[in-house]
Amino acid sequence: MSALLKKDWFGLGLVLIFGSILISLFKPAFISPFNLYVLMLSVSLMLVVAMSQMIIIAIGQMNLSVGAIGGLVAISFTGLMEVYSMSILPAVLIGLLIGLACGFINGYITVKTGISAFIITLATLYIFKGMNLGITEAQPFYEIPEAVKFFGNAKIFGPIPYLVIIPIIITVLMWILMNRTSLGRYMLAYGNNVQSSELIGISSTKIVIYAHVISGLLAAIGGMLVVCRLQLGTPNIGDSWLLPSFAAPVIGGAILAGGKVDVIATAFGVILVSIISQALVIFKIDPFFVQIFLGFMILLAVFINRYREYREERRTKVFSDE
Amino acid sequence: MSDYILELNNITKNFPGVKALDNANFRLKKKSIHALLGENGAGKSTLIKIITGVYNQNEGKLFLNNQEKSFSSPNEAMNAGISVVHQERNLIRRFSVGENLMLTNLPKNNLGLIDYNTVAKESKKWLDIMELDIDPNTIVSDLTVAKMQLCEIAKALSLESKILLLDEPTSSLSPQDTKNLFALLKRLVAEQDVSIVFVSHKLEEVFEICDEVTVLRDGKNACESEQITNLNRQKLVKLMIGRDEQIIKSKKNIDFTDESLLDLQSINTDLGHKNINLNLKKGEILGLYGLVGAGRTELIKCVLGLDKINSGQILLNNKEIKIKSPKDALEKYKIGYISEDRKKEGLILMHDVLSNAGITVWSNLKKILSFLNDSIVYNKVDPYVKQLEVKTPSYQQIVSNLSGGNQQKISVAKWLASGTDILFIDEPTVGIDIKTKSYLHELIIELSLKGTSIILITSDMPEMISLADRIITMKDFKVVGETINNHNYEEMSSSIMGNIHE
Amino acid sequence: GHGVTKVALVPGGPHPYFAAWEQAGLDAVEDFGLGKADYRVPAEWDLSQQNELIESLVGQGYNAVLVFPGDAVGTNKILGELDDAGIPTAALAGCVEQPTQAKFCFGTDTGHSAYLGTKELIKALGGKGKIAHFTGFLVDPNTTLRINAVEQAVSEAGGGVEIIQVIADIDAYEPADEKINAFMAAQGSEVDGIVTTAWVPAVVAAQALTNMGDKRIKMVGIDHDEVVLKAIKDGYVHGTMLQNPYGQGYIGSYVMDKVRQGCEFKADAPWKSTAQTDQFIDSGTVFVDISDVDTYVMAMRGISLEILETFDSTYLNCPS
Amino acid sequence: MNNKIPNFVKTNQFGLLILVIVFICIFSFSTDGFTSRFNIYALSRVVALDIMIGLAMMVVILTGGLNLSLGALGVSAAMFGGWCMESMGIPISITIILVLAFGSFLGWINGFVTVRTGVHSFIVTLATMSIYFGFMTLLTEAEAFRKLPEAFTDFGSLKLFNKYISPLLIISVLTCFVLYYIFKYTDIGRKLIAAGANPDAAELSGISVDRMFIYCHMLSGFLAALAGIMLTARIGAAIPSMAGHLGFDWLLPAFLAPVLGGTLLSGGKVTVFGTMLGAILVTLINNGLYLIDVGEFWVRFFLGIILLGAVLLDRAREYFTVKNSIVS
Ligand SMILES: Nc1ncnc2c1ncn2[C@@H]1O[C@H](COP(=O)(O)OP(=O)(O)OP(=O)(O)O)[C@@H](O)[C@H]1O
Ligand SMILES: Nc1ncnc2c1ncn2[C@@H]1O[C@H](COP(=O)(O)OP(=O)(O)OP(=O)(O)O)[C@@H](O)[C@H]1O
Ligand SMILES: [Mg+2]
Ligand SMILES: [Mg+2]
């Protein structure tokens with residue numbers, strides 16, 4: 001029991017359960033199958049995005065270009081299918097390849113120059129988003145194959161959408177990666193203390209590049225999932241990812257300075273954020289109040305989860321010294 | 001063919017602004033314990049880092065078993081059978097002890113996933129060899145500094161290498177831990193043909209376990225592979241500092257019937273201190289002895305307002321005071337604290353020497369509109385920096401580029417400059433070479449002669465006995481004894497240890 | 001004696017609505033013999049970016065600017081400066097608020113369009129029911145105009161219609177998707193009609209209704225995104241309020257050339273008045289539903305030609 | 001010691017200065033409009049604002065934190081100013097003081113919550129961004145204040161130095177000098193830097209770190225409010241959307257300027273003039289790209305490429321100066 005109490009996700013889990021019960025007492029529609037379906041969809045999409053950022057937080061860096069990569073892949077994916085009439089599978093593969101390449105560029109430049117990833121990804125954010133706009137000239141692609149649309153909308157059974165399959169697999173794989181593989185452990189070690197892990201013999205090059213490549217791949221998957229969901233490839237996909245991508249891991253107890261992330265707690269963080277924004281709609285909050293509520297909720301959520309590690313967090317910085 | 005397992009010839013290593021090693025030679029015999037000595041900044045750690053592939057030398061060659069090698073990463077050195085305990089702590093603080101020990105070679109199950117049961121089992125083995133009673137699942141950040149150090153050594157042993165490099169492994173160990181460690185090292189050499197390089201500033205230790213000695217001075221060899229039997233303490237010191245060791249001046253006498261300056265009365269704290277009573281008299285050096293983990297640092301931090309005092313009083317000149325923060329302590333009550341953890345709490349490593357040395361005096365020096373410039377600060381701190389013989393290319397040098405000992409000097413210098421009435425000095429000579437150490441000792445005495453009252457925390461018994469006027473012993477967050485120091489080592493040490501083991 | 005006219009058509013940022021301006025500009029060059037009529041897009045939806053672009057366009061020698069105001073008030077300052085520098089400007093597609101030095105506003109009366117759309121919705125609902133309104137960024141003054149216009153139309157319906165929810169700040173696809181679907185989940189069974197007054201919410205709501213296969217809820221959208229048009233054809237969306245971006249670009253470029261040749265607006269020109277300006281020319285906004293969704297392009301072209309044919313005689317006094 | 005290279009040459013500012021000069025040359029030769037009076041005047045106004053926004057972010061980065069609420073805060077302060085002048089009829093000078101105080105107060109909230117709760121400033125300001133912006137929209141109902149005193153709006157379009165330079169730029173440059181003075185030549189400035197670099201060590205050296213962090217956030221609020229006033233003067237009205245939704249439009253320039261300027265993201269180092277040069281560089285490139293006519297849809301792409309090039313070049317410069325200072 002006490003081991004359970006120590007887990008990052010425990011407090012969040014409680015908040016989620018009690019919050020959901022409370023909401024459904026007031027608004028029974030909250031647990032209607034359709035609402036659960038909608039909730040699962042929004043969680044699925046954000047989950048992938050949050051994981052994409054989380055792995056970079058793990059190594060103590062930031063990836064500002066997650067949204068730009070997601071957007072670039074989304075329009076490439078749909079563009080290939082619409083303009084070049086490519087079939088789905090090769091388009092998906094090329095999409096993944098683009099994500100991988102973007103991630104590799106981020107990681108390679110970061111580790112080879114020693115410049116903060118924040119700066120590098122700020123620059124590549126412009127580059128990737130610029131390519132996106134240059135290619136599309138702000139025009140969406142509409143020709144999405146039926147199979148893709150189906151995947152984005154159909155339900156497996158009950159309220160469970162097909163779309164959750166991939167995010168669930170990703171979450172499980174991420175958990176294994178961060179908790180049961182050397183690569184994941186080395187990433188965390190690196191995030192904890194760069195100098196020490198280098199002295200131990202952990203290769204920075206490998207760790208940083210792998211983390212960014214995985215981040216790029218996840219962002220790519222996120223972009224393509226959004227295409228399935230929206231059933232069109234608009235150049236704006238990814239524009240709104242940045243803040244939620246940080247909010248979920250951080251609400252889940254991640255320390256921005258690196259070395260501490262929790263996959264399950266991050267997932268719970270995503271669910272919490274989704275429930276909050278849904279609750280704002282369900283309770284018909286006056287649009288002029290929505291922003292204010294959202295702000296206080298974020299603060300409250302973090303505060304509840306953070307209270308017990310108040311001391312450790314007190315003065316940790318976003319960026320570790322190098 | 002030579003019987004050297006490791007040989008370094010004419011190694012030169014340049015850092016921006018510093019020549020850390022200058023044609024240095026080093027030879028390690030099989031099955032020997034080889035002391036690598038030198039003042040702070042002599043280049044010892046640099047040499048170790050070249051051997052382990054952390055740095056590449058600018059010139060010179062490295063031979064391992066008579067084969068020329070050059071390691072471009074720590075991994076390569078490790079695979080070639082060299083393990084190391086660096087001067088800096090290198091544990092991953094949020095990982096468990098077991099995982100840290102096994103980190104370079106985490107055991108996997110048949111699915112290729114890490115098997116944490118084996119991790120715990122395997123690491124337990126090494127903890128047992130070190131006679132360390134730690135659960136492998138403990139998170140490192142929950143350990144005391146001493147335990148961390150021992151875990152580092154266990155980690156190095158777990159690689160079962162033939163060459164073991166230990167850079168100041170005993171700096172935060174208690175005498176008992178050190179004794180255990182030495183027994184283990186001797187066993188390793190005798191039974192498993194391990195060769196060891198041992199860096200330390202404690203010469204007693206060197207004479208206790210080492211066979212050969214290499215001394216570096218300013219990056220050059222002052223002597224190379226000298227037999228320990230050919231040396232004595234005086235000779236060794238002369239090799240290291242280029243002149244004879246100075247004997248500490250004798251100490252004045254304190255009138256213990258005087259009123260006390262600072263009085264702690266029945267202090268209980270959040271951290272678990274029980275009913276602490278202490279008094280410090282004017283001009284006195286009050287020693288606070290205890291094994292590592294006795295709660296001395298924590299007591300001082302509570303006094304400085306960093307942690308909560310639940311009950312009890314602090315009196316200054318018989319008036320009750322409430323210290324809210326170190327700022328309060330410094331500015332209102334003229335109390336200062338020299339931290340034991342210079343990297344985390346003592347210095348701002350990324351800033352230059354001048355701003356580190358001047359940080360405590362800015363408030364006093366500021367002119368109208370809070371104006372302050374470098375030369376004002378320089379004039380104030382220069383005498384102290386000079387006095388401590390800080391070895392730095394300039395006042396603009398970034399502190400993290402100084403050697404450990406020189407860093408320590410800076411963290412002392414800034415409190416000298418601040419001119420406080422009461423100074424808490426916590427482990428001032430950990431990792432400090434003997435020359436500087438004796439300077440520091442002199443300085444502490446001089447300060448007290450000039451009227452500064454000092455509470456000195458040290459785990460170094462000889463240091464305690466030569467400096468303190470009165471020694472208070474702490475154990476488990478309680479005061480367990482008080483002795484007036486008569487500067488007789490045998491008597492005092494047995495009386496103190498008696499207090500502890502009562 | 002004013003040299004060739006080089007018009008810049010500057011939208012508020014990258015957005016598919018304005019895409020028709022590019023061809024419109026090229027056609028205007030061809031048809032009216034302008035020097036240039038280029039479609040120049042700010043890199044981001046950002047008032048300062050737009051200002052920077054416009055300032056740099058002057059450097060590049062453009063001498064007439066048609067702009068979708070990045071802000072109905074904030075854009076005035078730069079338009080004033082351009083005018084002072086002898087460069088005529090006009091607001092296109094959306095208006096700037098008076099007082100302004102823009103020559104006129106040629107576009108859609110956003111408030112009025114929202115009003116008409118709501119009227120159409122109320123008509124489709126048979127004069128009673130519960131409706132929801134999805135719209136764009138709250139800080140865009142147009143959003144307030146639209147919210148008020150929808151309320152006005154509802155209040156004129158005589159009590160049978162009620163607005164049960166307004167969702168704003170959803171100008172990006174993903175938040176829009178999340179919020180609109182959450183709304184459908186919570187109120188889908190209660191709501192009878194939806195009016196959307198911004199591009200993105202219209203697309204997302206149309207998509208949501210299509211996905212749900214719901215033909216009970218009546219929706220009136222805005223603009224001509226393919227998703228919306230398809231949903232109208234398929235019967236999931238009742239209709240949409242079309243605007244006339246091509247006509248805006250084409251006629252706008254023509255008028256700028258005239259202005260540069262010294263034409264003055266007639267004192268008694270039949271300007272329309274909107275909440276923002278009283279020098280407004282309606283570029284045409286029409287409601288299309290399943291009956292005319294296939295032929296809407298013809299309809300818009302008709303409106304454009306009609307405006308163009310009578311423009312000189314209605315609005316301008318030109319030196320002979 | 002090798003002292004052949006003067007110290008200034010080794011700094012990041014020098015690298016930036018070179019880049020700025022290079023780009024000025026490139027754009028002057030390759031485009032017609034770049035050196036026109038209109039363009040230079042326009043540039044001076046944009047730069048003025050970007051410098052101020054960059055400085056506002058820089059002083060929080062100094063603490064190792066971030067201020068995401070910068071734009072929301074600036075707009076809220078500007079709207080407050082609009083309300084003072086238009087609805088309350090408060091004179092301009094008093095309004096400006098009130099606005100700056102108001103900005104500092106919002107900054108104080110950021111700092112106070114960060115310090116007292118121990119929640120990271122990234123999250124705190126993420127939340128206050130929503131809260132400030134939400135209250136601002138709620139209270140103003142998204143209505144702009146556009147009947148501002150003429151003396152005030154005229155100032156925004158005033159042209160100095162033969163009509164080349166906006167007075168706004170002068171304000172920004174003056175602010176740079178004041179900040180430089182504070183950080184370099186005052187006790188308090190040094191303490192701010194020390195607290196940012198190593199809070200634990202600073203605290204134990206008798207610096208009240210919490211107070212310093214709150215000061216940094218207040219200074220950030222002050223500067224953001226100043227930027228808000230400047231923008232109001234420039235566009236002649238206080239508009240809720242003048243920094244975009246949630247004030248987002250300010251965030252990129254806010255990061256770019258200090259980051260290019262060499263401010264350390266982990267805190268403890270400020271480069272006031274670096275931030276200034278960073279802002280100048282970004283504005284120049286943006287402007288130049290529009291002038292060169294690379295096709296607007298590609299502007300961002302090239303901006304990204306040039307930014308990347310600039311930081312890489314700077315890294316190369318650093319590498320060579322370090323290499324040159326090695327004793328041999
Ligand atoms: N990374 C570095 N950059 C610049 N200078 C360095 C660096 N590392 C060490 N030095 C310099 O090299 C010299 C040798 O340092 P080193 O750490 O090897 O000394 P040491 O003998 O281990 O001293 P100590 O006993 O204090 O640990 C010192 O002058 C130090 O300032
Ligand atoms: N981060 C921490 N978490 C848990 N316990 C801690 C932590 N830091 C210190 N302690 C505990 O506080 C006690 C005192 O610590 P510390 O080793 O600093 O004592 P000390 O008497 O000051 O010894 P010394 O000064 O010789 O290091 C130790 O028992 C240690 O376990
Ligand atoms: Mg050393
Ligand atoms: Mg201690």
Side-chain angles (χ1 to χ4, degrees), chain A residues 27-30 32-39 41-43 45-46 49 67 70 74 126 129-130 132-133 136-143 149 152-154 159 226 229-232 234-241 244 274-275 277-288 290-291 294, chain C residues 11 13-19 22 39 41-45 132-139 143-144 147 163-190 199-200 203-204 206-208 210-213 225-227 229-230:
Chain A
K27 298 277 168 179
F30 181 71
S32 69
F34 187 65
N35 195 55
L36 291 179
Y37 162 77
V38 169
L39 191 63
L41 282 177
S42 88
V43 168
L45 299 175
M46 272 334 288
V49 176
Y126 275 87
K129 180 72 195 179
N132 177 336
L133 283 178
T136 59
E137 306 213 322
Q139 294 296 319
F141 292 112
Y142 294 100
E143 303 295 315
K149 292 187 179 175
N153 276 301
V226 173
R229 175 68 202 134
L230 294 178
Q231 318 206 334
L232 77 170
T234 90
N236 323 49
I237 290 175
D239 283 1
S240 53
W241 287 6
S274 291
I275 288 185
S277 47
Q278 206 174 31
L280 292 176
V281 175
I282 291 184
F283 283 100
K284 298 189 192 171
I285 305 291
D286 180 327
F288 280 103
V290 167
Q291 275 316 331
L294 206 59
Chain C
H15 197 285
Y17 173 84
F18 304 106
E22 183 163 20
Y39 174 57
V41 188
E44 287 163 52
W45 269 99
H133 177 199
F134 302 154
T135 186
F137 285 134
L138 274 177
V139 285
T143 301
T144 317
I147 291 178
I163 303 173
I164 57 168
Q165 194 157 0
V166 179
I167 302 181
D169 277 344
I170 43 176
D171 264 358
Y173 284 92
E174 291 154 88
D177 184 61
E178 192 174 324
K179 285 193 180 164
I180 288 176
N181 278 298
F183 169 82
M184 294 295 187
Q187 328 280 357
S189 53
E190 266 177 64
W199 179 293
V200 171
V203 175
V204 174
Q207 191 75 66
T210 310
N211 288 346
M212 288 163 63
D225 190 279
E226 281 189 29
V227 172
L229 298 181
K230 181 156 188 308

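Just so we're on the same page: letters track the sequence lines, and every chain starts at 1. Since the model is a prediction, treat every value here as computed from it, not as a measurement.
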Using modelled atom types only, decide if a donor and an acceptor are shared between the side chain of [X] and the backbone of [Y] within a distance under 3.5 Å.
| X | Y | answer |
| --- | --- | --- |
| A:Tyr37 | A:Asn153 | yes |
| C:Glu174 | A:Ile237 | no |
| A:Lys129 | A:Pro235 | yes |
| A:Thr234 | A:Pro140 | no |
| C:Asp177 | C:Tyr173 | no |

Hey, what's the ring geometry for C:Phe18 with C:Trp45, parallel, tilted or perpendicular (30° and 60° as the breaks)?
tilted
Counting only non-hydrogen atoms closer than 4.5 Å, does [X] touch chain C with its backbone (N, CA, C, O), its side chain (CB onward), both, or neither?
| X | answer |
| --- | --- |
| A:Asn236 | both |
| A:Leu36 | neither |
| A:Ile282 | both |
| A:Leu133 | side chain |
| A:Val226 | side chain |

At a heavy-atom separation under 4.5 Å, does [X] approach chain A through its side chain, its backbone, both, or neither?
| X | result |
| --- | --- |
| C:Met212 | side chain |
| C:Asp169 | side chain |
| C:Gln165 | side chain |
| C:Val227 | both |

Identify, with sequence neighbours excluded, every residue that meets side-chain contact (heavy atoms from CB on, under 4.5 Å) alongside C:Ala43.
C:Gln49, D:Tyr290, D:Val299, D:Arg300
A:Val281, A:Leu41, A:Asn35, A:Ile285: which one forms the most heavy-atom pairs within less than 4.5 Å of chain C?
A:Val281
Name the member of C:Pro14, C:Pro16, C:Ala186 that forms the most heavy-atom pairs with chain A at distances under 4.5 Å.
C:Pro16
Who pairs with C:Lys179 by salt bridge (Lys or Arg N to Asp or Glu O under 4.0 Å), at least two apart in sequence or on another chain?
none
